[in-house]
Every structure is written in structure tokens, then in C-alpha cells.
Amino acid sequence: MFQIKARDGLGKIGKLEINGKTIETPTIMPVIHPDPDKQLVPMETVKKLADVVITNSYIIYSKPELREIAEKKGVHKLIGFDKVVVTDSGSFQLSVYGSIDVKPLEIVEFQEKIGVDVGTILDIPTPPYADRERAEKEMEETIRRGRESLELKRENNYKMLLNGTIQGSTYMDLRRRCAEIMGSMNFDIYPIGAVVPLLEKYDYKTLVDVILNSKMGLPTNKPVHLFGCGHPTLFAISVLLGCDLFDSAAYALYAKDDRYLTENGTYYLEDLKDLKQFPCSCPVCSEYSPREVYNMDKKEKEKVLAEHNLYVTFEEMSRVKEAIREGALWELVELRCRSHPRLLEAYRQALKYVEFIEKFDPVTKKSGFFYSGYESLFRPEVIRHKERIHRIRFEKIYITTVSKDVEKPYSENLKILPSDVDILVKDDVFGLIPLNIDLIYPLLQSEVPELYDIEKSHNKKFVKEFIERYKDRIMDIVTYNYYISYYNSKENKKKINSDIIKIDRMLQYQYGFKILDEEVIKRIIVRRSKRTGWIRNVLIVKDGEKKVLFTLRSYDNFLIPTAEGAKLLHSKIPYPKYRVVVDRSVERFAREGRSVYAKFVVDCDRDLRPYEEVLVVNEDDELLGYGTTILNGRELMEFNYGVAVDMRGGISDKEQ
Ligand code: GUN
Ligand code: ZN
């Protein structure tokens, strides 16, 4: 019931189906007070912005007048919201008051009874830095309650979905263990609990540890809710790290404290009162000046501030979603993290987990890679290049530097590209860029400012290790111009076309295997666009006919196969690499080029990354079709809903 539509980092645009109602994630659930008299922002405004809200079932349970309405008419009528209603269980009250007056299963039963769409178990939020013994004991109790709550739900065929909260305080092994155990129990949504004290202390670095260790243990096919996080400055980074749902009491709590939220931080109204206008154009900020709001009576002021706070909260979430669609979420996070040193520290902490994150990060993005500071050197796009460069079977290597006045792509602008050697250019960000592949994302599609010396020295170690590893194949380490004059003087003019070598290296980089052998190379034609002069198509001569194998996609220069190209890849890449194996029952649909659904995936290359071009095969490795996978290797095995491979085409059985 959860599927991925677009993604960046661990972040994703998801579609979550809840009781026949569909919501798009990431999203924010405004916290609604179940007593309408205590609700700061009118439900009319909430309805305009939110598809899902969260309220507290324990408050309803404990107040006879609210409980009566909820039991008679349901929670939707009680709060006046007919879309998705999530409830918390009283755990938060438990963490504040030490005890509450309801039994764990009783509150789960109550949530179902009042018609909640997603209920929550009565987990125990152990605060950060508690004794390890306490953290472990309370985590075990949370797991026990989780198990019993799920049994209750199963036995009684509950309609509502259930939140299984991850606890474990600040012990990362406990967070991971809790996530693994709860994760194996088939909850519908996994909230990460007890992070509010971390938020209050601006301890975002530990928040990052808690999120990522929980994510590592959790299944990939369930959405994650960051419980109690409603401040817009944290949305970009939390979504980047894989959180899908947020709840905000912050919009109202900050308003009561005369505070004005923005995506870059919080301001006291006191400090804004002399501004001519608010730095926002939401309905309330367009209507009132800061001074007018400042002079309002307390109740009205709270209401106006809460409304603004809610607008910016949703506005930032829209921005985050747009960034995911554009493949620019890392850029947005890097921007947001400049607004507070604690946020920058959190981002730096997140980058320590880059190896884990990289597995989920798309191999290609519509937006280019923007360098915004030293941290950018540790991004997955960079780390992946430094891994994948070794996919190319270099024979003769020259390592060079190119003078600053030459623009990218060097391979086109330097004109002379010898065909029988690989020239690798030292690069401040990517370490080494082989000229034969320098058109491919992110090597060409990156914007980097002039760097400080300290940043430039970052890749020295990588280059040194590369030289050590390939020392028997490195011919020389020179400047490009010196190399060219030396090369030309050798009169080493081979007949072979350097464009074909480019394609050969690009295919190796993209797929990890040598696709063009000597036999194939003889029959290859590389076509350039007459208009732009750029490489556009790769063709093969077969039975006297020219057939297109690959097209270079304009925004990333990935080689996109045709049916003919897919057949070539299939014959050259050993099983199970670049394969998605589907069940017999959908073979026919795959051969027609129809989408492959995750439910029918029986095996795959576990190293696949999102947005790779893959081969769809049956269990005998017969080629059925080819397309782009939306999921990575692990997700392909774990997801049971939604599209797994966006098909480009099918291969009929006669064609094989
Ligand atoms: N609200 C904020 N933190 C928590 C938590 O850890 N558990 C529950 N159930 N609700 C919360
Ligand atoms: Zn506003």
C-alpha cells in the first residue's frame, strides 16, 4: 500500500493508501486538538492544506464529553475532518507525566472503536541518554506491546492501520535492533519515537544517528514517521534521510510563544515588529503588517501566527517535494544547513553514512550536481564515481591536468582524443575523470566554484591510491598539452574511431562489463547530431541493415538501449547483473512492454540502484523486456506494491 513515485537520497515521493484514501508523502500532519475550543487554526484552513491530520486518542479517551461524541459519531466527526485521521496513543503524555490511566491494548482497541485511520501502539518513549538498562527494558516492553497490539488487530480484523514506534533512546544498536524486530512484524507505518527532547536541545547530530540507525533496521517498503518533528528547517534533511511523515504541533506551540516560523529558523514577533512587511506572502502575512499583528490581543495574535506557521510548514514541504522530483534534494539540504551550525553538524554526521545512503540514491538526476561547500565532496554522486571508475578496464592510462581555460566537456573541447589510450584528468571533486566518459552524469552535469587549496588537496589520497593500483598500466603522468605533442610525434595514427572507444568506456562505466567486443566494434557506427555536433546514437550493421542500439539521453548522456541494445547487453552481461527476474505469470505482459510490478519480482541484481537501465528476464534468464527501475536491489525484493520497472519495450519470444 506504499509505493515510490520519485526519489533522491533516501527521500522519496510516495503514494500511501490508507483505508481507500490516498495520500502523497512526504507530508505533514497538523496536530489537531480534539477539543474544538482549543484548536488554534480553524479547521477550514487546515482542510485547505492537509490531507491527513493527527490527534490524540488518549485525550479523547480521558474526557467523557469528547469520548461520548467520538464513540457515537467517530473521530472524523469529532474533529470535523473527513480525510485521513491518525491518532497517537498517550505515549507522549506517558513521557511527560510518568504514568497514564489506560492499558496498552485498551487504547489500541479504543482507537479502532472511534474509527481512526491509523492508530498508534502505547510505546514507551525513553528519553535520550537514559541508562542503557532502562532503555533496553523499555524497548523490550514497547516490542512486547507492539506484538500484542498487532495480534489484537489481526484477531479482530481491525480496519485501521497501526503505527509501530521505534524506541531505544540514544543507543544506536538498540535503535537498530528495535527497528529490525518491529520491522519484521508487519506494522503499516514506523514512527521513530522519543526525538522531541533532541529537537528541543538542537541536538540534530544525534537525531541523524537515531534516524539512520532506525532506517538501517527497517524494511524499505513501509513509510517512516518522525514523531514530533514539525519545524520546517528540519524537513529537507529528515526527508533526505528517509522520513516520510511529520507531525506538527509546532505551528501552534510556537504561536502561543509569539514566535514566527520560517524555513530558515524561528523569530520572535518582538524582533519583527519594526519590519515594513513580513518576509512571507501567505494570506495572513499579506493581510497584516508585523506591527498590526504585534498590537493584536493575545488570542488573535496566536491565531494569526499559528496560521502563518502552518502555511510556511506546508510551503517548505512542497519545496522539498519539488526538489525530490528535480533530483535537487541534496542541494536544498545543503542550503538549509547553512542556516544553523547545529544543522550543518547534522548534515556532516549524515555524510558519515554515505555508503548506506548511496545504495538508495538515484544514479541519475534531472538537475546537475551543485557544489556548495566542503561537504559536497562526500556526497553519494562523488563516492559512486570513485567506485564505478574501477568498472572500466583500462589498458594504457595517461594521467594529466588540463589548464583552467579549457571548458567542460574536455573530451569535446580538447579536440584531439587518441583512441588507444585512456586519458584521466585530475579533478578537484571527482578525483579523476576519464575523458572517454566525461559526458556522463554527474561528471559533466556539475557546477563547481574555484576551490580553496584545502579543498583541492582532498583528492590527493584517492589519486595516489589509484596510481598505486594501476601502476602497471600507467604510461605517464603529464600535462595534457605535453602529452598531445608527444603522442602526435609518435605518428601513432590508428584506424579505429575514438567515438567508438568512448562508447565502449561509457558502457563499461554504466553497466560494469565489457559490452563491445572486437567483433561488435567492427560493425558499430557512432552518429553525431548534425545540429549540435554531439554524439546521439550508436548503431550496428546487422544483415546489411543499420539498427540503433543506444541513444544518448540528452540530460545525462546515459546510453539508453533499444530492443537491439537490450539484446546485446543481455548477451554480454552475466546473470544476475542488471537483471530483474519476474514470475512466469507476468511474462506475457513484460514481453508486451507493460510495466513490471514489484509483487512479481522473484529475484534481481541486489546491487542495482534506483533509475538504472535494467533487463527484465524470466527465471531461465530469457530476455522479456527492458526499462528503468525505480527501486534498488533491496527494495525490488521487499516491495509488494507499485511499479518496479518502467518498461521501455518488450521482446517477443519469436525475436529471441
Ligand atoms: N510523540 C512524540 N514522540 C513520541 C513517541 O516517542 N511515541 C509516541 N507514541 N508519540 C510521540
Ligand atoms: Zn506568512
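We count ligands from 1, going down the list as the structure has it; atoms in each ligand are counted the same way. This structure is a prediction, so every number in the text was calculated from the model and none was measured. Each residue takes its place number in the sequence, starting with 1.
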Exercise. Just wondering, more than 12 heavy atoms not from Gln277 lying within 6.0 Å of its CD?
Worked result: no
Exercise. Are side-chain heavy atoms of Leu174 and Ser169 found at a separation under 4.5 Å?
Worked result: no
Exercise. Please walk me through it: do Thr142 and Asp123 pass side chain to side chain donor-acceptor pair (under 3.5 Å)?
Worked result: CA-CA 5 Å; Thr142 293; Asp123 55 285; 5.6 Å; no
For this session: Specify whether His308 and Tyr260 have parallel, tilted or perpendicular ring planes, treating 30° as the upper limit for parallel and 60° as the lower limit for perpendicular.
Result: parallel
Exercise. So, do Tyr641 and Phe639 have ring centers that fall under 6.0 Å from each other?
Worked result: no
Problem set entry | Residues forming a ring-ring contact (aromatic ring centres under 6.0 Å, His included) with Phe360, sequence neighbours excluded | Phe356
Within the protein, flag every N or O under 3.5 Å from an N or O of ligand 1, and note the pair and distance.
from	atom 1	to	atom 2	distance (Å)
ligand 1	6 (O)	Gln167	NE2	3.0
ligand 1	6 (O)	Ala194	N	2.7
ligand 1	7 (N)	Asp123	OD2	2.8
ligand 1	9 (N)	Asp88	OD1	2.8
ligand 1	9 (N)	Ser91	OG	3.4
ligand 1	9 (N)	Asp123	OD1	2.8
ligand 1	10 (N)	Asp88	OD1	3.4
ligand 1	10 (N)	Asp88	OD2	2.6

Problem set entry | Listed protein N/O/S atoms, distance to the Zn ion (ligand 2) under 2.8 Å | Cys280 SG, Cys282 SG, Cys285 SG, His308 ND1
Exercise. Between Phe227 and His225, how do the two ring planes meet: parallel, tilted or perpendicular, split at 30° and 60°?
Worked result: tilted
Just list the side-chain donor-acceptor pairs under 3.5 Å for residues 280-288, sequence neighbours left out, or say none.
from	atom 1	to	atom 2	distance (Å)
Ser286	OG	Ser281	O	3.0
Ser286	OG	Cys282	O	2.6

Seminar exercise, completed: Between Arg336 and Leu343, the two heavy atoms sitting closest are O-CD1, 3.7 Å
